[in-house]
Amino acid sequence: TIGRPVLHERAGPGFASFIDPTARVESPERVTIGCRSYVAPFVSLDASQGPIAIGDETDLQDNVVISGKRVKLGDHVIVAHGATIIGPATVGALKGKPAFIGFNAYIDGAMIEPDAFVGHLARIAPGVVIHGGTKVLPGKFIKTQGEADRPELGKVTTVTDADRQFMDGVLHVNTSFAAGYSDLFHDSPNQVRGVGRDPGHSDFNHDADLPT
């Protein structure tokens, strides 16, 4: 499935997920992916130690690394550029609210519940649960459950409506990428390899442009 849409028996082409040709997938038979999800360039999915499950409308952005004994990503999960998830770990839930992992964050054997937000460059230690409605501040290392649950310690705060609007916007962009790159592949598979045009035909990017 590398470099072409992932079509599901229960859904038509409009619900295809897309895995970029530059993504590296180890033990692909142990990787599952739902509908309308997007795996961006240079992502690494290493399921050699255990399965990786990716839900619906989830996006793994450029240079994300996922490995370990077992990793479960629910629906509407955002894993931003350069983030790492080491299993056993769970982020979000099936049919759950969005969950966000920021740029270069590091999730090591932790659970991130739906409606949680992990800021850029933050790190979450094994066994810690980041509960829904909790926002880990950028650059903070959450080593204990107490640090995850007590805002007065200075490492977490409350997810805001602006954070939720941001997550919804990111998901909208990346589900559009899943559809757009799938359409490009169906028009001509070579269009999704190397330096090519963006999909366009979306409300945030009308034209399919070549890079300049």
Side-chain angles (χ1 to χ4, degrees), residues 6 8 17 19 23 25-40 43-61 63-138 140-150 155-156 158-159 163-164 166-168 170-171 174-175:
V6 180
H8 306 281
S17 292
I19 300 175
V25 183
E26 296 288 342
S27 301
E29 70 279 3
R30 305 175 82 178
V31 177
T32 59
I33 186 168
C35 294
R36 300 182 67 190
S37 290
Y38 176 64
V39 178
V43 166
S44 175
L45 302 175
D46 184 353
S48 59
Q49 298 179 60
I52 297 172
I54 301 167
D56 294 343
E57 297 188 10
T58 283
D59 67 89
L60 311 182
Q61 298 175 14
N63 297 299
V64 161
V65 174
I66 297 180
S67 65
K69 295 181 179 179
R70 182 178 182 88
V71 177
K72 296 175 65 177
L73 306 182
D75 299 338
H76 315 123
V77 170
I78 302 159
V79 187
H81 299 68
T84 298
I85 300 175
I86 305 297
T90 301
V91 183
L94 296 179
K95 302 187 184 301
K97 294 180 179 180
F100 180 83
I101 309 298
F103 297 147
N104 295 303
Y106 197 97
I107 310 301
D108 183 5
M111 175 182 288
I112 314 300
E113 292 185 344
D115 198 40
F117 191 109
V118 176
H120 308 320
L121 291 166
R123 179 167 182 157
I124 315 299
V128 171
V129 178
I130 304 300
H131 294 293
T134 299
K135 179 178 181 178
V136 178
L137 296 172
K140 299 299 182 181
F141 187 2
I142 306 296
K143 301 177 183 178
T144 68
Q145 193 60 46
E147 292 176 340
D149 293 341
R150 296 172 60 190
K155 294 189 175 184
V156 298
T158 301
V159 175
D163 294 326
R164 295 183 178 102
F166 169 74
M167 289 190 279
D168 288 342
V170 174
L171 288 168
N174 284 279
T175 55

Taken to the nearest 0.5 Å, the spacing of Thr175 OG1 from Asp59 CG works out to 8.5 Å
Residues pairing under side-chain hydrogen bond (donor to acceptor under 3.5 Å, both in side chains) where one sits in residues 88-98, two or more places apart or in two chains, turn out to be none
Heavy-atom nearest pair, Ala40 first then Ala23, reads O-CB, 4.3 Å
What one should report as the nearest heavy-atom pair of Leu171 and Glu57 is CD2-O, 3.3 Å
Next on the checklist: Parallel, tilted or perpendicular, judged at 30° and 60°: which one describes the rings of Phe117 and Phe166?
Outcome noted: tilted
Within the side chain of His76, is there an N or O that forms a donor-acceptor pair under 3.5 Å with the backbone of Pro98?
no
Could you tell me whether a side-chain N or O of Thr84 sits under 3.5 Å from a main-chain N or O of Tyr106, the two making a donor and an acceptor?
no
For Val31 and Ala47, the nearest pair of non-hydrogen atoms, with its separation, is CG2-CB, 3.7 Å
**Report entry** Side chains of His120 and Asn104 in contact at under 4.5 Å (non-hydrogen atoms)
**Finding:** no
Heavy-atom closest pair (Ala110 atom, Ala125 atom, distance to 0.1 Å) is CB-O, 3.6 Å
Problem - Under 3.5 Å: donor-acceptor pair, side chain of Ser37, backbone of Gly34 - result: no
Nearest heavy-atom approach of Ala99 to Pro114 is CB-CA, 4.3 Å
Here the pair of heavy atoms bringing Ala83 nearest to Gly102 is CB-O, 3.6 Å
### Message
With side-chain contact (heavy atoms from CB on, under 4.5 Å) as the criterion, how do Val91 and Val79 come out once you've worked through the C-alpha distance, each side chain's angles and the decisive distance to 0.1 Å?
### Response
CA-CA 9 Å; Val91 183; Val79 187; 5.6 Å; no
Checking Asn174, Val43, Val39 against Gln61 for side chain to side chain contact (heavy atoms under 4.5 Å, CB included), the one that qualifies is Asn174
ask   = Is there a donor-acceptor contact under 3.5 Å from the side chain of Ser48 to the main chain of Glu26?
value = no
Worksheet item: Checking Asp75 side chain against Asp56 main chain: does a donor-acceptor pair fall under 3.5 Å?
Response: yes
Backbone N/O of Ile54 and side chain of Thr58: donor-acceptor pair under 3.5 Å: no
Are any non-hydrogen side-chain atoms of Pro138 and Leu121 less than 4.5 angstrom apart? no
In Ile66, Ile101, Ile52, Ile33, the residue satisfying side chain to side chain contact (heavy atoms under 4.5 Å, CB included) with Leu73 is Ile66
Hits for side chain to side chain donor-acceptor pair (under 3.5 Å) against Gln49, two or more places apart or cross-chain, chain-then-number order -> none
Between the CZ atom in Arg150 and the OG1 atom in Thr144, the distance rounded to the nearest 0.5 Å is 8.5 Å
**Prompt:** Is it true that a side-chain atom of Ser27 and a backbone atom of Arg30 form a donor plus acceptor pair closer than 3.5 Å?
**Reply:** no
* Evaluate the criterion side-chain contact (heavy atoms from CB on, under 4.5 Å) for residue pair Val156 and Leu137; output intermediate values, then yes/no. => CA-CA 6 Å; Val156 298; Leu137 296 172; 5.9 Å; no
Chi angles and distances behind the side-chain contact (heavy atoms from CB on, under 4.5 Å) call for Ile107, Val118: CA-CA 9 Å; Ile107 310 301; Val118 176; 4.3 Å; yes
Any side-chain to backbone donor/acceptor pair from Asp163 onto Val159? Under 3.5 Å, distance only.
no
Would you check, one step at a time, whether the test side-chain contact (heavy atoms from CB on, under 4.5 Å) holds for Lys72 with Met111?
CA-CA 10 Å; Lys72 296 175 65 177; Met111 175 182 288; over 6 Å; no
Contacts of Glu113 meeting salt bridge (Lys or Arg N to Asp or Glu O under 4.0 Å) (sequence neighbours excluded), chain-then-number -> none
Next on the checklist: With a 6.0 Å cut-off (strictly less than), is the heavy-atom count around CE of Met167, excluding the residue itself, greater than 12?
Outcome noted: yes
Value for NE2 (His81) from CZ (Phe103), rounded to nearest 0.5 Å, stands at 5.5 Å
The reported gap from CD1 in Ile124 to CD in Glu147 (rounded to nearest 0.5 angstrom) is 9.5 Å
*Is the number of heavy atoms from other residues, nucleotides or ligands under 6.0 Å of Lys155 NZ greater than 12?*
yes
Output for pair (Asp149 CG, Ile142 CD1), nearest 0.5 Å, gives 9.5 Å
